[in-house]
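Below: the structure, in structure tokens.
A quick note: this is a predicted structure, and the numbers were derived from the prediction, not measured. Lettering of chains follows the sequences in order, A, B, ..., and the numbering in each one begins at 1.
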Amino acid sequence: MLVLVSVLLGATAIGETAIAPLDAVRIVGARLGLLETGTSPRAYEAILLDIRLPRIVLAGVVGGALAVAGAAFQGVFRNPLAEPTLVGPAAGAALGAVLAFVLPLPASWLGVGLVQLMAFGGGLAAAAVVWPLARVGAVTPVTSLLLAGVAVSTLASAVTTVLMYLHGDQLLAIYGWLLGGFNVASWNQVRLVAPLVALAGVALLLAVRPLDLLQLGEEEAAMLGLDVERVKLGLMIAATLATAAAVSAAGPIAFVGLIVPHAVRIVAGPGHRRLVPLSGLLGAAFLVAADALARSLPGPSEVPVGVVTAAVGAPFFLLLLRRQKRGTAG
Amino acid sequence: MSGTSVLMLEHVCFGYGDWPILTGVSFGVDAGRVVGLVGPNGAGKSTALRLASGLVRPRSGAVRFDDRDLQTVPRREIARAIALVPQEAALPAGFTGRETVAMGRTPHLGLFAGPKAVDRAAEQRALDLAAAAAIADRPIESLSGGERRRLLLARALAQQPQALLLDEPAAHLDLGHALAALDTAARLAHDDGLAVLAVLHDLNLASEFCDELVVLADGRVVAAGTPAEVLRAGLLRSVYGVDLPVVPHPASGRPMVLVRSRNGRPTTATDGLREEDRVAVGEADRGPDAQSTPEAAAVPAEATEPSSAAGDTGSEGSNGEQVVQEAAPTPARPTGSGRRGLVIVNTGHGKGKTTAALGVTMRAWGQGFRPIVLQFVKAKSGNWGEVRAARRMGIEVIPLGAGFTWTSKDLEKDKALARDGWDRCKAAILGGEYDLVVLDELTYCFHFGWLDLEEVLDTLRNRPAGQHVIVTGRDAPAELIDFADLVSEVREMKHPFKLGIKAEKGIEF
């Protein structure tokens with residue numbers, strides 16, 4: 001929590017125009033009517049409230065969503081390498097987004113960017129296709145869920161690639177979206193994404209005990225009274241909702257959902273009572289910090305935030321693999 | 001196994017795909033009793049246990065708890081009544097023993113409510129009962145296999161179930177821990193009134209700790225009752241295919257299986273037990289009220305008289321004979337008697353007629369029927385693969401004649417031998433002691449006119465009602481084919497499923 005607050009403060013200050021953290025607090029406080037209007041220039045106020053703040057809040061919401069969903073997925077799959085994008089939402093969202101780019105459609109609908117809407121729909125649609133595909137009789141084994149997810153993701157990626165190839169004129173815009181980022185963040189986006197993420201987050205927070213039980217294996221969880229199939233379906237719906245919302249707003253940002261729960265596990269143990277909420281907080285802080293780094297790195301334009309998370313995440317991922325290998329060897 | 005058992009399997013059938021695992025399995029577990037589920041590998045023991053836990057649903061039949069069909073009971077409610085202790089479990093690293101055991105309280109907790117004082121108390125009691133309190137606060141990773149087992153038992157007890165299912169509670173445990181685990185299970189049944197059902201491999205442990213045994217073989221219950229009723233040499237032969245003596249335990253009086261190498265290496269005084277360590281087997285007759293085990297085991301042979309009984313046990317291998325006479329040499333006939341027996345004819349010029357007949361015979365033997373195979377042998381020695389296998393299982397395979405061939409020099413002698421052979425066949429059929437009579441290569445005798453077909457058919461007509469007869473040989477006469485209930489013509493040896501014997505439903509013993 002402390003980490004999150006300090007990262008938030010730091011992030012508000014960082015940018016092409018430097019604003020002192022205290023000034024930032026003053027401006028926000030003034031807008032909320034808590035503090036007296038200060039002496040800061042009006043330009044600072046506009047930059048902070050209309051550009052920087054929605055971006056920070058969105059990054060926090062997206063980071064928290066991906067990390068919480070990642071914790072849930074790793075719990076359901078009982079696999080430390082599971083990711084929230086595993087069962088299709090990322091590839092589906094990418095396809096939806098690319099379709100929005102290439103089809104002759106209006107740029108926005110009800111004040112929300114069509115790319116975002118289509119990405120959200122695509123993400124949910126992919127997951128909705130995967131679930132029945134993976135079903136075997138009355139149960140949905142996680143292995144077939146994984147395989148169906150990979151198959152559907154691959155198919156969606158193939159279609160996405162073909163579309164990109166056929167529409168070379170849109171390539172830069174599409175590519176920019178696929179890298180992920182918050183450079184078009186607006187309060188509108190926050191208003192769309194935050195409630196969905198909050199809903200999914202609450203659902204996952206209520207499911208910490210079933211998540212712990214699932215760690216024993218599905219059969220044993222059932223033996224201890226858990227309705228495994230219903231719990232799994234509920235968890236997957238909540239986690240996919242959060243993921244699709246996050247991806248639709250920021251593009252597929254790699255590694256947040258994978259490494260954050262692991263980092264938390266190292267510090268706080270495997271119990272989901274702590275793992276899920278702490279993942280949310282750390283994920284938010286991590287992505288806000290990564291985004292702040294992305295927009296403040298020197299260069300002709302912003303570094304995409306997905307590059308930053310991948311640059312931090314990939315080494316961590318390798319470290320994890322090494323530890324795992326050692327674990328099974330020893 | 002009264003109708004009031006807490007947990008009951010009723011005519012349960014189960015399988016994977018087309019592959020049947022259990023067919024018509026029925027048994028029950030009463031409160032306060034330990035029931036052992038025994039049987040060879042692949043008999044369906046673990047499947048039966050999973051069915052009893054409600055984790056898998058029977059294809060037909062029902063599993064009842066307190067007279068309610070488990071299929072109609074929600075998972076949470078089942079978890080409050082029935083607990084399963086798996087043989088091994090992936091206990092997730094990072095949790096302590098106590099946290100793991102606390103998971104057993106899940107079915108008693110509200111959906112979002114945390115554990116209350118009553119849950120903490122149940123958790124502690126479970127830890128105490130399973131002798132796991134001392135290891136409760138250690139991380140799982142630091143625990144040994146036996147300690148993890150105790151935690152799994154504690155977790156199951158934290159569910160406060162009325163029925164406890166144990167999957168091989170003694171497997172992979174050393175003798176001390178195995179005895180402790182089973183002692184705990186027996187105490188839970190006898191003191192706390194739990195209905196305990198345990199899958200066990202070790203027949204001696206099963207005999208010592210269980211009040212009742214249910215023997216599964218080939219997906220069926222082939223015997224059930226007290227250990228003394230069930231554990232007999234005949235059952236070991238028919239179910240496990242082993243010839244081993246069963247003796248009463250010197251202290252408890254319960255039946256114990258004496259294992260022995262099939263190589264039958266004779267033991268000598270030097271590589272066997274030291275004389276003073278031997279337990280006088282004759283003392284076992286004192287029954288269950290006699291001394292407790294350690295004392296009995298400590299009785300030196302000299303003290304009871306330089307015991308001939310002990311000596312016999314030690315040298316049992318030297319003459320290859322069984323010292324202990326079993327009470328019931330013939331395995332108990334399971335079900336289905338009273339049905340009229342079948343006449344089956346395997347004919348045709350392809351290979352596999354006798355092999356198919358022997359296959360049926362071994363199956364019948366395995367199910368407790370008494371078969372005999374009478375072979376009109378073609379060659380001098382008829383001791384090839386399947387025949388050897390059948391003999392080794394203990395099936396009577398009788399060679400007749402001295403080798404009938406198509407180019408016999410002395411047909412009169414062969415005729416006389418065939419006549420003698422037929423007399424033995426007739427005696428076997430009409431004598432009534434066999435459930436299945438195989439007349440191998442009988443048709444040769446018709447071919448040469450050595451036997452009267454009408455006489456053979458008459459004998460078959462007059463056979464005991466439940467007796468099955470299999471006749472093999474090429475060119476079976478039309479009258480015999482008309483008479484038979486089932487005829488298989490074997491034409492090509494390489495495509496047995498296309499043209500030869502098919503595994504038809506209905507040819508069931």
Original post:
Under a 4.5 Å heavy-atom cut-off, does chain A meet the side chain of B/Ile82, its backbone, both or neither?
Top reply: both
Original post:
Is there a donor-acceptor pair under 3.5 Å between the side chain of B/Gln159 and the backbone N or O of A/Met223?
Top reply: yes
Original post:
Pick one: which of B/Leu55, B/Val56, B/Leu84 meets side-chain contact (heavy atoms from CB on, under 4.5 Å) with A/Glu219?
Top reply: B/Leu55
Subject >> Residues forming a ring pair (Phe, Tyr, Trp, His ring centres under 6.0 Å) with A/Phe255, sequence neighbours excluded >> reply: A/Phe317
Original post:
Is there side-chain contact between B/Leu109 and A/Arg209, with heavy atoms separated by less than 4.5 Å?
Top reply: yes
**OP:** Can you establish whether the number of heavy atoms outside B/Arg138 located under 6.0 Å from its atom CZ is more than 12?
**Re:** yes
**OP:** Kindly say whether A/Asp227 contributes a backbone atom to a donor-acceptor pair with the side chain of B/Arg75 at under 3.5 angstrom?
**Re:** no
**OP:** Count the heavy atoms of every other residue, nucleotide or ligand shown that sit under 6.0 Å from CZ of B/Arg125, and state whether that count exceeds 12.
**Re:** no
Original post:
For chain A, which of B/Arg50, B/His108, B/Arg155 has the most heavy-atom pairs under 4.5 Å?
Top reply: B/Arg155
Subject >> 4.5 Å side-chain heavy-atom contact, B/Arg105 and A/Leu224 >> reply: no
Subject >> Part of B/Ala83 within contact of chain A (heavy atom distance under 4.5 Å) >> reply: backbone
**OP:** Please list, chain by chain and in numerical order, all residues satisfying side chain to side chain contact (heavy atoms under 4.5 Å, CB included) with B/His177, sequence neighbours excluded.
**Re:** B/Arg150, B/Leu173, B/Asp174
